[in-house]
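Values in this document were obtained by computation on a predicted structure and should not be read as measured data. Only this structure's heavy atoms are used, side chains among them; waters, hydrogens and symmetry mates stay out.
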Amino acid sequence: VAIWDSQTKFPVEVPVNREAMLAGLMGHGGGKAAASESDVEERHWKIDAIEDIQREIQEKQYGGRGHALVSSEDLSGMSAADLEKLEHTLEGQLQQLKDEEDSDRMKNFQSSPLRRSITSERDPSALFGSEVASRGALFPDVDVDDKDPYTLFGQEKDRGLHWDYTWSGSAGGPRDESQRYKIRHGTKDKVAEELGIRWGQEALKWAQQLKGAQTMQQSVLYTDQTPAAHIGEAPAGGRYLMGRYDVLATKVWTDFDRNWDFIKGTKPLFWVAHAAGINIGESRNASDFPDFSSQDNNNSAAGRLEENLFVEAMEHIIQNIAYAANDLKVEHLIFFPFGMGAFLRNLSLCDARFAHTEELQRLRRVIARAFIKVLAKHLSSNTKFHLCLMFEDMEPQFNSDAFLRALADDSVEEVRKFKKRVIVHSEGDVLHLAHDLAGTSPNVMLVNGANRQLIGNHWFAGHAKRAIDENMHRRSWRMSATSYLLNNYGGRRERDPRRPDELARNVAALGGRVEVIKWRK
């Protein structure tokens, strides 16, 4: 088993007798009530989740150099109830650290030359009520100089785009954390019920006999075999289930709307394209930064981002998403600022140049412009592009500015043509929008920013409250059940190394297909 060494901060492999270990944990021979093996596995997953939270807290407090808050030895001796309480306490500490980071970013923004053209203090519903405007500016009386690079584009002009203001002024989300907790646990119980298992048990080996297996058999893995897919951290295998440039398409429906209220009635199916953003700035140890950086002795941070390499790699991923959408004859592709949240948020810890808010915003604009050019060139002309943008908070406003500027660029003919089939959804929720569109079209696809190591990541745990991957899984038991199977959850320990072809094998075991991406020259 892997034991986390508090001195070296590396996992140390310790040989153990698994049967003897289980016997000890389950109370065999000691007069205690024996626990089932699934109970033991549940404790393992809970301990793994706690250790993940602790490492994130260490990263934020001490740059990854601090000692564990609770040692592995102490965790192994705690009851399930105490583990639950500890996890909840650590989640609170982690959220407090994230709130402090948000406060620091707001101070940096306020001291930068960047400025919002409008503020969230004006309620759009006061202007439009329940009316939905398919076109036109939301704040037509606001005068904005589009040539000013320090102005953040917002909803003050339509800029030749079609807009949907159905949800404008309402950010959505659960009413409070107790609602998120209730739905998370309800979805977890529903997954176990539908798969006919106890949580933590293996289910993939009999997946094709499961109820609803026919829908899951439609899963498609699009694998990338280009030279770039074999460099650095790009390949699948080891800690990664998915390759950097792979796209996994699964058929799902949603159970909860944008306000996390249960959806009654028919739940139409739609595609989810799981693809992973490139992590160059989640923390000072961002996993992908070494592949896209060079050492800079004049830089006080870890290195220097090789921007062109990074942007080309992001374009590569978007091009493969377009390939999957074209192959599945998608009529509506739903998108959001992919890979531009947590994976860029703390880039300054790796490259000090991006400590300046305006420099990070320049990079966001470069990424968005690259995305739009790739989609304009490669996405089928029969596909409508739905872009969900948010404006209420600072980081979403930054990303929205980047995409609106990219779409307002009329210097590229392909972009001018592409914007005619773009619909911008103000405060749009990708999952709810997919549900609505799937009611009239069988070929709807939304893009998910997936975790390469575990699809859905630890959606069943309490942290990652703002992450799109986890929150979508919490709102859809079918998505979560499919991911449970494709992750082979319960069939292996999470820290065991993956085989390079493991996801392809899991897709095949589920009855899906694997296709190598082959673009025509």
Side-chain angles (χ1 to χ4, degrees), residues 105 108-109 112-114 149-153 224 226-235 243-245 275-322 335-378 394-409 411-412 414-415 447 449 452:
R105 278 190 286 273
N108 287 338
F109 167 60
S112 78
L114 291 171
Y150 296 117
T151 296
L152 298 177
F153 282 14
D224 190 292
T226 60
H230 302 281
I231 298 174
E233 294 287 296
R244 176 179 287 155
Y245 303 106
I278 298 177
N279 182 4
I280 60 167
E282 188 174 27
S283 69
R284 69 183 71 249
N285 295 318
S287 56
D288 294 316
F289 185 78
D291 282 357
F292 301 97
S293 64
S294 58
Q295 193 62 41
D296 184 355
N297 294 330
N298 296 321
N299 195 323
S300 60
R304 185 181 184 88
L305 177 68
E306 294 293 338
E307 192 172 307
N308 289 341
L309 291 178
F310 167 67
V311 173
E312 287 174 6
M314 291 289 275
E315 289 177 334
H316 193 155
I317 296 168
I318 299 303
Q319 185 172 335
N320 287 351
I321 291 172
F335 199 76
F336 70 102
F338 175 84
M340 296 169 65
F343 286 176
L344 290 182
R345 192 171 296 148
N346 296 307
L347 179 56
S348 62
L349 298 177
C350 298
D351 186 335
R353 294 176 301 161
F354 294 95
H356 300 287
T357 303
E358 58 269 31
E359 182 64 12
L360 186 56
Q361 187 59 17
R362 181 195 61 77
L363 178 61
R364 287 192 180 98
R365 290 171 178 173
V366 170
I367 296 168
R369 189 162 59 246
F371 283 2
I372 294 301
K373 287 183 178 179
V374 168
L375 289 164
K377 182 177 181 179
H378 294 287
M394 182 179 64
E395 185 177 272
Q397 168 75 78
F398 287 158
N399 289 331
S400 296
D401 161 80
F403 275 94
L404 291 175
R405 283 181 174 273
L407 288 165
D409 183 5
S411 63
V412 181
E414 288 176 329
V415 173
V447 176
R452 287 180 61 198

Taking Arg353 first and then Glu307, would you say they form a salt bridge - that is, a charged N and a carboxylate O separated by under 4.0 Å? no

Is the shortest side-chain N to carboxylate O distance from Arg405 to Asp409 below 4.0 Å?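 The answer is no: the pair does not qualify as a salt bridge.
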
Heavy-atom pair of closest approach, residues [X] and [Y]:
X      : Y      : value
Asp401 : Thr151 : OD1-O, 3.5 Å
Pro290 : Ser287 : CD-O, 3.7 Å
Ile280 : Cys350 : O-SG, 3.9 Å
Met340 : Ala402 : CE-CB, 4.3 Å
Ala234 : Ala228 : CB-O, 3.5 Å
Ile317 : Ala275 : CG2-CB, 4.2 Å

If you apply the rule salt bridge (Lys or Arg N to Asp or Glu O under 4.0 Å), what do you find for Glu315 with Lys377, and how did you get there? CA-CA 11 Å; Glu315 289 177 334; Lys377 182 177 181 179; over 6 Å; no

If I take atom [atom1] from residue [X] and atom [atom2] from residue [Y], how far apart are they, to the nearest 0.5 angstrom?
X      : Y      : atom1 : atom2 : result
Leu363 : Leu305 : CG    : CG    : 6.5 Å
Asp291 : Asn279 : CG    : CG    : 11.0 Å
Gln319 : Lys373 : CD    : NZ    : 14.5 Å
Thr226 : Asn320 : OG1   : CG    : 7.5 Å
Glu306 : Phe292 : CD    : CZ    : 11.0 Å
Gln397 : Gln361 : CD    : CD    : 8.5 Å

Going by heavy atoms in the side chains, are [X] and [Y] under 4.5 Å from each other?
X      : Y      : value
Asp224 : His316 : yes
Phe343 : Ile278 : no
Glu233 : Arg244 : yes
Arg369 : Val366 : yes
Leu344 : Ile367 : yes
Phe310 : Asp288 : no
Ile372 : Leu407 : yes

Can you say whether the rings of Phe335 and Phe338 are parallel (under 30°), tilted (30 to 60°) or perpendicular (over 60°)? tilted

Report the C-alpha separation of Arg364 and Asn399 in whole Å, then their side-chain angles, then the decisive distance to 0.1 Å, and conclude whether the side-chain hydrogen bond (donor to acceptor under 3.5 Å, both in side chains) test is met. CA-CA 7 Å; Arg364 287 192 180 98; Asn399 289 331; 3.1 Å; yes

Please assess Asn285 against Ser283 for the test side-chain hydrogen bond (donor to acceptor under 3.5 Å, both in side chains), listing each intermediate value before the final yes or no. CA-CA 5 Å; Asn285 295 318; Ser283 69; 5.2 Å; no

